[in-house]
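Below you'll find the structure, written out as structure tokens, and then a few comments.
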Amino acid sequence: MLDKLNPVQCEAVTHGEGPLLVLAGAGSGKTRILTHKIAYLIKEQGISPFEILAITFTNKAAKEMKERVANLVGSVSRAMWVSTFHSTCVRILRQEAERLGYNRNFVIYDAADSLRLVTYCMRDLNIDTKRYPAKKVAGAISNVKNEMIDAEAFATRATTYAETVIADVYKLYQERIYKSNAFDFDDLIMVTVNLFELFPSVLEAYQEKFKYILVDEYQDTNLAQYELVKILAGKHRNLCVVGDDCQAIYGFRGADIRNILEFERDYPDSRVVKLEQNYRSTKTILSAANSVMQNNRARKPKALWTENEAGDLITRYQGENEHEEATFVASEIEGLVKAGRHYKECAVFYRTNAQSRVLEEIFLRYGVPYKIVGGLKFYDRAEIKDVLAYLRVLSNPQDTVSLKRIINVPKRSIGDTSVAKVDAHALKKNIVFSEALKDVDEIGALSAGAKKNIKKFLVLIDELLALKEKETLENLVRAMLDMTGYLTAYEDEGTMEALSRAENVKEFIGVIKEFENTHVESSLDAFLEEVALIADIDNLDDENNAVTMMTVHNAKGLEFNVVFIVGMEDGVFPHIRSMTDTVELEEERRLFYVGITRAMQKLYLCNAWSRNLWGGLNYNSVSRFLHEIPPELTDDAVKVDTQAKPPSQIGAFIIGDNVFHQKFGVGRVVSVKSEEQLTVFFEAEGEKTLLLSYAPLEKR
DNA sequence: GCATGAGTACTTTTT
DNA sequence: GTACTCATGC
């Protein structure tokens, strides 16, 4: 097992008891260390998989790690806990949260849910959301939670008026989320630590269970996560953390790079192993990455080197505007594919999700297949959140945020005023919203019609609750859609948008089916949990042959043969909001470093002379980061012929064109698949895929 | 209670 | 360029 490791990797893998810090530079075989270390523990040290806890950054990484360990030691590895911080805590809380007064079928609030709850709280506290935007307050509460400060502690330390406002909201928010039997993302970690502090016997049981703890991407842990690891490893102290301070990019959400820089201080008896040989990139790419990183002051001394060949120079390209930039990327990829590469070897990274739109447009027009990671997630779509809200209410009737979301969806004439009246009643009697609803007859303020509608809604929920007990998940959802008329409401609306929403809901049923087929324990709770903690990146596969587009943040941990980084302009990358503060600028630089080091063979760095931003035209100067790369490492691209028509325009059709078809009538071009093939939406017929050589299409 | 349209504000990264 | 809020009229 150790044969394939270099001496330093070997040292990390065979390190025995006690704390170990592995400083793993980009592409230095970090995952290999972790998987081999786990395998070594099981095979050579006789440690039971039950006694190992491995924490990764994403579910995708967890899944991959499990598979790779299974390849080394076989299926015994299934008993290991390999998951993200959040999933780990949910698993513990499902077991133990009753001690804290939570019900074990608690739900998990995502950022949007908790923002809604903050908004409700602020409204009830009569706080002006103009002066104190709910989003800012929610963000502040999140930050405070990441620092393990609870509502009371925050209230006592609040000094400015704004802080007391936030403290008030925080207190009410926490009361309500508790009454809703829900946790937000930050609670999951903080409450788990609280649990361990409050119940030493519980802590001891988990400390005893997890004799070996491994943490990946340690540079991106926040204080709460740090505390969690520290307390869990407190007894056996067999803690192995792996990370790279140069890749710390989540400071904005509370990650504290000091966790890695000061590991040796926290654990004076720790061993430190540095992995500096890179197996991923060419010498040229690595050299550029090193040069950029030289400009950061806060970092551990480390010099990445590689035995790989020098490879191609880095290609620099400047376009007139973002369209030309995107066109260059698309045509360059086409060229690479013609030369024998595959689409899936290529990735395009950008700083912000908003930049993806132009790329998408151009890629569609050129017929370059692509997939996008991030942006609006499937589970974030309004219609999916609606369906999920129904399921969450059925799982946990106390869930106020979800209940309020669905009480009038589809429209059943229970509007804001009625909800406010029920709310007032709940407040007066100090009961949760769902209980207050049942008191409908006692609420004098409600109109007779409102009372009737609410009762009808309660009957509906009761019927669904009864079905939940005996039906499969899929049938439950189908019954729900049927009884509420949710799908029919969209179908009746008939607009293209409504139909696509209906389509998404149907796709969601497919997701549920899939879940029931692949999971032994396919309960409603289990499903909701998986959905709550899923990240877009988790669904990235390399099965279909398409270019991957994503933000640089999402690219962490991945690698591609060919990488394009677009928008290399001051104000875009580095982002305008991070340009004045040195600490933030250094984080931007690390982000750029992450982007560069994803590339194995070819790297393209692109910018646009002018760019449309926030509705206006901007002329940004070339990114300061580009000046940090020695000129001899780069080569300017031959400027693309801007007059050249993209192939799909030879047939003269582009997205959005209104067209006329002799049989189907007037339609609109939805997508252009190739020179030959395009899809058109017709009022009467829906979407049709047409071959130009056969379909008589005219431009309107 | 609800649909509609005007107006406005907001644009970072996310488990 | 859009996503959300708010006022208006039915």
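Reminder, nothing fancy here: chain letters follow the sequence lines and each chain counts from 1. In this text the structure is predicted, and so the values were computed from the model without any measurement.
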Mind checking side-chain hydrogen bond (donor to acceptor under 3.5 Å, both in side chains) for S114(A) and listing every partner two or more places apart, or none if nothing turns up? none
Taking the nucleotide of DNA chain B with the nearest heavy atom to each, does T352(A) or A111(A) sit closer to the 5' end? T352(A)
Looking at residues at least two apart in the chain, or sitting in another chain, which of them share a side-chain hydrogen bond (donor to acceptor under 3.5 Å, both in side chains) with S142(A)? D186(A)
Stacking check F252(A) vs dT13(B) (5.5 Å / 30 deg): yes
Test of understanding: with salt bridge (Lys or Arg N to Asp or Glu O under 4.0 Å), list the residues that count as partners of D124(A), not counting sequence neighbours. R176(A)
Return the value, rounded to whole Å, for the distance between atom CD of Q355(A) and atom C1' of dT13(B). 12 Å
Atom NZ of K556(A) and atom P of dT14(B) are separated, to the nearest Å, by 12 Å
Checking N259(A) now: which residues fulfil side-chain hydrogen bond (donor to acceptor under 3.5 Å, both in side chains) with it, not counting sequence neighbours? T221(A)
Atom-pair distance (NZ on K136(A); C1' on dT12(B)), nearest Å: 13 Å
Base, sugar-phosphate, or nothing: which does F57(A) touch, judged by heavy atoms less than 4.0 Å apart? sugar-phosphate
Taking atom C1' of dT13(B) as reference, at what distance in whole Å does atom CG of L585(A) sit? 15 Å
Under-3.5 Å donor-acceptor pair between H575(A) side chain and dT12(B) base: no
Contacts of K451(A) meeting salt bridge (Lys or Arg N to Asp or Glu O under 4.0 Å) (sequence neighbours excluded), chain-then-number -> none
Once side chain to side chain contact (heavy atoms under 4.5 Å, CB included) is applied, do any residues pair with D570(A), and if so which ones, sequence neighbours excluded? P574(A), M579(A), S621(A), S623(A), R624(A)
With sequence neighbours left out, the residues meeting side-chain hydrogen bond (donor to acceptor under 3.5 Å, both in side chains) with Q355(A) are T352(A)
Between atom CG in L591(A) and atom P in dT13(B), what is the gap in whole Å? 11 Å
Pair E360(A)-Y370(A), side-chain donor/acceptor within less than 3.5 Å: yes
Phosphate-side-chain proximity, S87(A) and dT15(B), N/O vs OP1/OP2 below 4.0 Å: no
Can you check the N353(A) CG to dT11(B) P distance for me, whole Å? 14 Å
Distance, C1' atom - from dC4(C) to dT13(B), rounded to whole angstrom: 22 Å
Above 12 or not: heavy atoms from other molecules or residues under 6.0 Å from CG of D416(A)? no
Which residues pass the salt bridge (Lys or Arg N to Asp or Glu O under 4.0 Å) test with R405(A), not counting sequence neighbours? D386(A)
Hey, what are the protein-to-nucleotides 2-10 of chain C N/O distances that come in under 3.5 Å?
none

Please report, rounded to the nearest Å, how far the P atom of dT15(B) is from the CG atom of D256(A). 20 Å
Identify each atom pair where a protein N or O and an N or O of nucleotides 1-6 of chain B are less than 3.5 Å apart, giving names and distance.
residue: dG1(B); atom: OP1; partner: T417(A); partner atom: OG1; Å: 3.2
residue: dG1(B); atom: OP1; partner: S418(A); partner atom: OG; Å: 3.0
residue: dG1(B); atom: OP2; partner: G415(A); partner atom: N; Å: 3.3
residue: dG1(B); atom: OP2; partner: T417(A); partner atom: OG1; Å: 2.5
residue: dC2(B); atom: OP1; partner: S413(A); partner atom: N; Å: 3.2
residue: dC2(B); atom: OP2; partner: N408(A); partner atom: ND2; Å: 2.9

What is the distance from CD of E587(A) to C1' of dT13(B), rounded to the nearest Å? 8 Å
Less than 6.0 angstrom from the centroid, inside 45 degrees of the normal: does R253(A) satisfy that with respect to the ring of Y250(A)? yes
Helical stems, DNA chain C - three or more consecutive Watson-Crick or G-U wobble pairs below 3.5 Å: B:1-9 with C:2-10
Which residues share a salt bridge (Lys or Arg N to Asp or Glu O under 4.0 Å) with E586(A), sequence neighbours left out: none
